[in-house]
Each structure stands twice: as structure tokens, then as C-alpha cells.
Amino acid sequence: ALQRTNVYNDTFCIGHDGNFGTINGLRLGRLSHLPVEWSEINAAWGQALLLLAVVAEKLDYEFQGYVLHPLGSASIIDKLEYPQQTSTNDPTHPAKPKVSHFDLYCAGDLPLGLGFLHRRFDGAMVAFLDCLRQLGQHVERTSGAGAGGGPGLNMPYQISKDKIGDASIKLGGFSQEEMWTKACKYALTCCKFLLAHASHVVSNDTGAGAKPEAIDRRGASR
């Protein structure tokens, strides 16, 4: 039973390496004096997206407006935009959504300061944050006070559009490496919160495990 409850932590190990948040030993972020290779960053994003997909499946949650495609270092998020409903819509033939594809990876060694070169990547990272926010709100609603059983859980950082905590996940703007790296670290900390909750849900099924309240805001493994 213990092996079963630890499967999530065994699959996704989230911690930190100095200024960087890490997932399975992969650094997520980049600094001018510590230029992490894009291959490592892309692989880290792939692991993070897989984590979201796995936790959402475990919690029986379906993302609203997004479809996740965790494909390792070439992962993609599809954004679905449905046309506004009108009285003339035929309910038997619902309108198809407009699908926008966002690449959650950077294809080359592009300078971080040139935001226009990273629009698709930025769009993917903002979409990732929105999915993270949705899943976090689902956990907050269905745990603790939200489910009528004591104090509720709260995500370590608030998310609003491209901001998580006080940092933007977008690459645009000069000298933004430190802020972007901080946002990535915050995102992984929230991923760890969700991972701990999923493990706790499994533990309730098997009778053992740790509660997600033990999450360290720094994102370090304990």
C-alpha cells in the first residue's frame, strides 16, 4: 500500500537548485550568469505538463478551455475558444471551438529580451498557469472547508493571467530572466502542492500518506 501511495512522488520529484525550481532534476528557468540549455528547460516543462495531466486525471477534473498534450520536450497546449451562444444555435449541432496551438517549448537559443520571438511560448506558459489555477481552485473547493470538513487548502501562490505571486511567466522585456525564473519556481511549488494533494487522495483510498499542508513555499523537497 505504501508503494502505491508514493507513486506520484516517485514519478515527479520537485525541489530547487539555488535560484531554480527543479522537476526530476531538470532546472526550469534561465539567468544571464547561469544560462540553462533550452533542451533542459523544454524537458522540465514537459514533465510539469505531464504532472498536471496526471493529477487532473486522478482528481477527475477536466480543464475548461484547454487540452493538454504532454509530449516530453515538445509538449503542446491547445486553447479552445467557443463562439458565443445565441438563440439561433442548434443544440443538436453545437458549434465547434476555435483551436489555438501553443508550443510549451522554445525551439532555439533565442535571447530572452526579445519578447516578440517568444509569443507562442509565452502563450503556452500563460495557458499552463491558467490550467494550474483551475486545478488549484478545484482542490480548494473540494477539500477542507470547501467540502464541509474543516479548514480548506490554499494554493501557495495566487495566479492571475500571466502573474503567479508577484512574478510574470512571460519572457518579454529586457532583464526579465530573474523574474521569469522566479515565476517558474513558483509554478513548480504550486505543482508540488497539487501533487501532495493527489498523493493524499490516494492515501485516503489506501489508509496511509502525508497531507498536502506540509508544502514548503520554496518548493524544496522535504
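Note that the coordinates shown come from a computational prediction; the quantities given were computed from them, not determined experimentally.
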Legend entry - Pairs meeting criterion salt bridge (Lys or Arg N to Asp or Glu O under 4.0 Å) with involvement of residues 40-54, two or more places apart: R27-E40
Inset, instruction - Considering non-hydrogen atoms only, spot the tightest contact between C184 and I169 and give its length. - result: N-CD1, 4.0 Å
Inset, instruction - State, yes or no, whether a side-chain contact exists between L188 and T22 at a heavy-atom distance under 4.5 Å. - result: no
Inset, instruction - With side-chain contact (heavy atoms from CB on, under 4.5 Å) as the test, would you mind laying out the steps for V126 and K161 before giving the verdict? - result: CA-CA 7 Å; V126 172; K161 297 181 180 179; 5.6 Å; no
Legend entry - Interatomic spacing from CD1 in I23 to CD in Q47 - rounded to 0.5 Å: 5.5 Å
Legend entry - Which residues share a side chain to side chain contact (heavy atoms under 4.5 Å, CB included) with L59, sequence neighbours left out: V55, L135, H138, V139, H197, V201
Legend entry - Side-chain donor or acceptor of N24 paired with backbone N/O of T11 under 3.5 Å: yes
Legend entry - Min side-chain heavy-atom separation M155-L194 under 4.5 Å: yes
Inset, instruction - Rounded to the nearest 0.5 Å, what's the gap from CD1 on I76 to NE2 on H101? Could you check? - result: 7.5 Å
Legend entry - Check: I41 and C106 side chains under 4.5 Å, non-hydrogen atoms: no
Inset, instruction - Report yes or no: do L153 and L52 belong to one cluster of Ile/Leu/Val/Met/Phe/Trp/Tyr joined by side chain heavy-atom distances under 4.5 Å? - result: yes
Legend entry - L34-W45 co-clustered via ILVMFWY side chain contacts under 4.5 Å: yes
Legend entry - Any S168 side-chain heavy atom under 4.5 Å of K163 side chain: yes
Legend entry - side-chain contact (heavy atoms from CB on, under 4.5 Å) evaluation trace for M125 with L171: CA-CA 9 Å; M125 291 187 291; L171 281 170; 4.0 Å; yes
Legend entry - Set of residues satisfying ring pair (Phe, Tyr, Trp, His ring centres under 6.0 Å) with respect to F20, sequence neighbours excluded: none
Inset, instruction - Identify whether L49 and V36 are in the same connected component of the hydrophobic contact network (ILVMFWY, side-chain heavy atoms under 4.5 Å). - result: yes
Legend entry - NZ-SG distance between K192 and C13, expressed to the nearest 0.5 angstrom: 7.5 Å
Legend entry - Closest non-hydrogen atom pair between P70 and A53, with its separation: CG-CB, 4.2 Å
Legend entry - Side-chain heavy-atom pair F12, V54 within 4.5 angstrom cut-off: yes
Legend entry - Basic-acidic side-chain contact under 4.0 Å: D122, R119: no
Inset, instruction - State, yes or no, whether a side-chain contact exists between W38 and R30 at a heavy-atom distance under 4.5 Å. - result: yes
Inset, instruction - Start with the C-alpha distance between K79 and I77, add both sets of side-chain angles, then the distance that settles side-chain contact (heavy atoms from CB on, under 4.5 Å), and finish with yes or no. - result: CA-CA 6 Å; K79 183 176 182 179; I77 299 177; 5.8 Å; no
Inset, instruction - Measure the shortest side-chain to side-chain distance between C191 and I14 over non-hydrogen atoms and say whether it is less than 4.5 angstrom. - result: yes
Inset, instruction - Check whether any side-chain heavy atom of L28 lies under 4.5 Å from a side-chain heavy atom of K185, and answer yes or no. - result: no
Legend entry - F63 with L129, same ILVMFWY side-chain cluster at under 4.5 Å: yes
Legend entry - Heavy-atom neighbours of E62 CD exceed 12 at 6.0 Å: no
Inset, instruction - Might you confirm whether atom CD of Q137 has over 12 heavy atoms from other residues, nucleotides or ligands at distances under 6.0 Å? - result: yes
Inset, instruction - Heavy atoms only: give me the nearest L132-C190 pair and the separation to one decimal. - result: CD2-CB, 3.8 Å
Inset, instruction - Looking only at non-hydrogen atoms, find the nearest pair between Y82 and A95 and report the distance. - result: CD2-O, 4.0 Å
Inset, instruction - Kindly give the heavy-atom pair with the smallest separation between C131 and L68, and that separation in Å. - result: SG-CD1, 3.7 Å
Inset, instruction - Would you name the heavy atoms of A127 and Y66 that are closest together and state the gap between them? - result: CB-CE2, 3.5 Å
Inset, instruction - Look only at the side chain of Q134 and the backbone of Q64, and say whether a donor-acceptor pair between them is shorter than 3.5 Å. - result: yes
Inset, instruction - Tell me whether L26 is reachable from F121 by hopping between hydrophobic residues (I, L, V, M, F, W, Y) whose side-chain heavy atoms are closer than 4.5 Å. - result: no
Inset, instruction - Scan F193, W180, Y157 and name whichever one has a ring pair (Phe, Tyr, Trp, His ring centres under 6.0 Å) with Y186. - result: Y157
